[in-house]
2 protein chains.
Amino acid sequence: MTEPATAPRRSDATKAAILDAARERFAADGYERATIRAIARDANIDPSMVMRYYGNKEGLFVAASSIDLRIPELGALPGKHVGAVLVGHFLDRWEGDDVLTGMLRVSVTNEAGAERMRAIFAGQIGAVTAGVCPVPAEAARRAVLVASQILGMALARYVLRFGPAVEMSRDEVIAWLAPTVQRYLTAETP
Amino acid sequence: MTEPATAPRRSDATKAAILDAARERFAADGYERATIRAIARDANIDPSMVMRYYGNKEGLFVAASSIDLRIPELGALPGKHVGAVLVGHFLDRWEGDDVLTGMLRVSVTNEAGAERMRAIFAGQIGAVTAGVCPVPAEAARRAVLVASQILGMALARYVLRFGPAVEMSRDEVIAWLAPTVQRYLTAETP
DNA sequence: CTGGCATGTCAACGCTTGTTGGCCTACATT
DNA sequence: AATGTAGGCCAACAAGCGTTGACATGCCAG
């Protein structure tokens, strides 16, 4: 039993193609306008295959949007730079693939998407704030403040595409947002 | 001729009812899920009336989302409090009616909505930054930074409904966000 | 070679959507 | 009172949606 896991099936490539197409469509169009037919067309297969492998549209969305924010270890670095590291990390994460943009687009009109968004951001950012926040009881609130600035910039830069937000360089965004995030994380309660 | 304007028509009430229902539905459901039939049902009229008065769905949306942010006069107050005034004003504006929430929901999946959002926020906040920003050439960029924090909090509080964001009081939100906005407006370029 | 199972296509279903045109009603003007 | 017109409803259309089940094809084990 050297291979206890399920053997690689021939359909794995198809499943992956569907997932890729789904991510792209959800990111570009949001939940309602990303139709199963269009996703299937992109993946060069029949719409019924989507149903076979993912049950229904909601199942496909859930499968296409499994996210790990992969927030880096922060114990190692000086507490003063947590803000900059966090902002930089999120910029990388957002530009790496379409999944986060898709999540944001979908979560605005789809309750399941919103729930997922709440769990991901409150949970994974909350883990950070719990470590650096001077008032542990306020960790959840600090996490939401951080999320509001991160998501707001993502909205302006990747979804609404405000001209100046798109044109700013990575370093400029970090220079402006890092102090904000740093303050939300570590400042005394105002 | 004391009434040069068009005389009040009997259908004005109906038109207004349609617009009210449309605003509510767009705010609650976003563009695609806010159906003309549902809006008509809310307004207690036939769907065809919507077409008669507003042409098509997009026309209805345009009519339902004419917005003036009504940013207050700021020349009168000390420059140091501009941030707090601005944040407080936007909270009021957002909680006063559903129009801004609707705009935000729609603009994420609808290009016309996004264009409208860009024009409104870049334009009307830009007018403020042009007055108080130490580097006039950067006014547009400062405006977008302010918008990113304002919209991010609106997203967390009114759309995604993050628990802690909903529970914060008006004063708490202002206390946290005002310094951020103030810095984006008046700080030297980092 | 033969059977069985995974993979994939095809055609259709029931439903909802935006949108249209015809028809009835009630008011306002003459 | 007669009539033109604005306000409103009804029924229907074509298109698109998610979803389903029957049928063809390929692959691999026996």
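Chain identifiers are assigned alphabetically (A, B, ...) following the order of the sequence lines, protein sequences preceding nucleic acid strands; residue numbering begins at 1 within each chain.
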Should [X] and [Y] count as an ion pair when the cut-off is N to O under 4.0 Å?
{"X": "A/R23", "Y": "A/D97", "value": "no"}
{"X": "A/R161", "Y": "B/E111", "value": "no"}
{"X": "B/R170", "Y": "B/D92", "value": "yes"}

Candidates [options] - which lies nearest the side chain of [X]:
{"X": "B/N56", "options": "C/dT19, D/dG8, C/dG8", "answer": "C/dT19"}
{"X": "B/K57", "options": "D/dC9, C/dT7, C/dG18", "answer": "C/dG18"}
{"X": "B/M51", "options": "D/dC9, C/dT7, C/dT19", "answer": "C/dT19"}

Problem - 5' priority, DNA chain C, between B/R41 and A/Y53 [closest heavy atom] - result: A/Y53

Between [atom2] on [N] and [atom1] on [X], what's the gap in Å once rounded to a whole number?
{"X": "A/M49", "N": "D/dA24", "atom1": "CE", "atom2": "C1'", "result": "13 Å"}
{"X": "A/N110", "N": "D/dG18", "atom1": "CG", "atom2": "P", "result": "13 Å"}
{"X": "B/D46", "N": "C/dG21", "atom1": "CG", "atom2": "P", "result": "15 Å"}
{"X": "B/N44", "N": "D/dC10", "atom1": "CG", "atom2": "P", "result": "12 Å"}
{"X": "A/K15", "N": "C/dT7", "atom1": "NZ", "atom2": "P", "result": "7 Å"}
{"X": "B/F61", "N": "C/dG18", "atom1": "CZ", "atom2": "P", "result": "15 Å"}
{"X": "A/R33", "N": "D/dA15", "atom1": "CZ", "atom2": "P", "result": "20 Å"}
{"X": "B/I36", "N": "C/dG18", "atom1": "CD1", "atom2": "P", "result": "5 Å"}

Exercise for the section: For A/S48, report the nucleic acid contact type (base, sugar-phosphate, nothing); a contact means any heavy atom under 4.0 Å. Expected result: base

Handout entry: Sub-4.5 Å side-chain heavy-atom contact between A/T109 and B/E32
Key = no

Practice task
Record whether the side chain of A/R37 comes under 3.5 Å of the base of D/dG16 through a donor-acceptor pair of N or O atoms.
Solution key: no

Problem - Geometric class of the B/Y31/B/F26 ring pair [parallel <30°, tilted 30-60°, perpendicular >60°] - result: parallel

Exercise for the section: State whether A/T14 places a side-chain N or O below 4.0 Å from either non-bridging phosphate oxygen (OP1 or OP2) of C/dG8. Expected result: yes

Problem - Nearest-nucleotide comparison on DNA chain D, the residue closer to the 5′ end among A/A34 and B/I45 - result: B/I45

